[in-house]
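Contents: one structure, followed by commentary.
Keep in mind the model is a prediction, meaning the values are calculated, not measured. Any value given below was found using the heavy atoms of this structure, including those in side chains, with hydrogens, waters and symmetry copies removed.
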Number of protein chains: 2
Amino acid sequence: MAEAKLNKFAAEDVSLADVAKSLGHPARIRILKILTDMNLCMCGDIVDQLPLSQATVSQHLKELKRVGLIKGNVEGPKTCYCIDNQRIEEIRDKFANLFSKVCCGSACK
Amino acid sequence: MAEAKLNKFAAEDVSLADVAKSLGHPARIRILKILTDMNLCMCGDIVDQLPLSQATVSQHLKELKRVGLIKGNVEGPKTCYCIDNQRIEEIRDKFANLFSKVCCGSACK
DNA sequence: ATCGTATATCGTAAATTTACGATTAATGAT
DNA sequence: ATCATTAATCGTAAATTTACGATATACGAT
């Protein structure tokens, strides 16, 4: 952004927006789905399933790791990635809560 | 992005990512919360509650409207905004579904 | 008809994101 | 020790996002 005004927002809103932003790319949605289905897998397997270069996928993985949605641990020359279930549940609840108050038909016609 | 490779991803992933991205700014999270609490309110009321210029807030409102999270209808010189409940429920379900398969403790140690 | 208010849009600058080739680092195999 | 493989990081270009002042638009009031 032109100027960082994030300090003028509630920390809660900043952190939820941060997670939402990290979900804001189809490659990262796809990675989450792959990891959910496979339970855990090598970086290379993920690269194979995406229409992006290894460098770009690595960048997306880094972003998902940054917000804590996934974990990765190095196993020799390979890296094994998986969903961080505890964190995902936390985030699931935050989104559910954001949407929860909505219920009874919209106010606008 | 440098090149638009979005066509190489599933439409479903692209559209969920699109919504996530629209939630990826604290001002827009805040706007949703304000509209949820107030049920419906004038554009000006929202501007007053955000540390951003009128032009910038208008831009954020436009983005939320684009993905369908909110509706706005013009009433004379004013515009009245509100949550689009039906759409929000739809989106709530999509996120819930994305996170739902996750449940039983992460695979990585 | 003119004026004031409310909001959208335009133009634009700065920051950030996305993508990729090239390089580096780290390990296992020979 | 050398080589092949895997993945992270660097450097960088292009696209997008964010922000705001200025302007345009649309309406109600006078």
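- The CZ atom of A:R87 lies 13.5 Å from the CZ atom of A:R92; values are rounded to the nearest 0.5 Å.
- Taking five base pairs at each end of the helix from C:dA1-D:dT30 to C:dT30-D:dA1 and finding the rotation axis that steps the C1' atoms of four pairs onto the next four gives two axes whose angle is 10°, to the nearest 10°.
- B:D48 places its CG atom 14 Å from the P atom of C:dT5, with the value rounded to the nearest Å.
- Between the A:T36 side chain and the A:L32 main chain, a donor and an acceptor come within less than 3.5 Å of each other.
- Atom NZ of B:K94 has more than 12 heavy atoms from other residues, nucleotides or ligands within 6.0 Å.
- For A:E63 and C:dA19, the CD to P distance is 12 Å, given to the nearest whole Å.
- B:S100 places a side-chain N or O within 3.5 Å of a backbone atom of B:N97 that can act as its donor or acceptor partner.
- Following chains of ILVMFWY side-chain contacts shorter than 4.5 Å, one cannot reach A:M42 starting from A:I46, and the two form parts of different hydrophobic clusters.
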Under 3.5 Å, side-chain donor or acceptor atoms of residues 60-70 of chain A against the rest of the protein: list the pairs with distances, not counting sequence neighbours.
| from | atom 1 | to | atom 2 | distance (Å) |
| --- | --- | --- | --- | --- |
| A:H60 | ND1 | A:R28 | NH1 | 3.0 |
| A:E63 | OE1 | A:R66 | NE | 3.1 |
| A:E63 | OE2 | A:R66 | NH2 | 3.0 |
| A:R66 | NH1 | A:D18 | OD2 | 3.1 |
| A:R66 | NH2 | A:D18 | OD1 | 2.9 |
| A:R66 | NH2 | A:D18 | OD2 | 3.4 |

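- In this entry the distance linking NE2 of B:H25 with C1' of D:dC20 reads 13 Å, nearest Å.
- If you measure from atom CG of B:L52 to atom P of D:dT17, you get 17 Å, rounded to the nearest angstrom.
- Going from atom CE of A:M38 over to atom SG of A:C82 covers 12.5 Å, rounded to the nearest 0.5 Å.
- The shortest distance between the side-chain N/O atoms of A:H60 and the OP1/OP2 oxygens of C:dT17 is not below 4.0 Å.
- With rounding to whole Å, B:K71 atom NZ is found 19 Å from C:dT7 atom P.
- Side-chain N/O atoms of A:K21 include none lying less than 4.0 angstrom from OP1 or OP2 on D:dT17.
- Atom-to-atom distance recorded for B:Q54:CD and B:D48:CG is 11.0 Å, nearest 0.5 angstrom.
- Between the CG atom of B:L50 and the P atom of C:dT7 there is a distance of 13 Å, rounded to whole Å.
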Atom pairs under 3.5 Å, N or O on each side, protein against nucleotides 6-10 of chain D: can you list them with distances?
| from | atom 1 | to | atom 2 | distance (Å) |
| --- | --- | --- | --- | --- |
| D:dA7 | OP1 | A:C43 | N | 3.3 |
| D:dA7 | OP1 | A:G44 | N | 3.4 |
| D:dA7 | OP1 | A:T79 | N | 3.4 |
| D:dA7 | OP2 | A:G44 | N | 2.8 |
| D:dA7 | O3' | A:T79 | OG1 | 3.3 |
| D:dA8 | OP1 | A:Y81 | OH | 2.5 |
| D:dA8 | OP2 | A:S58 | OG | 3.0 |
| D:dA8 | N7 | A:Q54 | NE2 | 2.7 |
| D:dA8 | N6 | A:Q54 | OE1 | 3.0 |

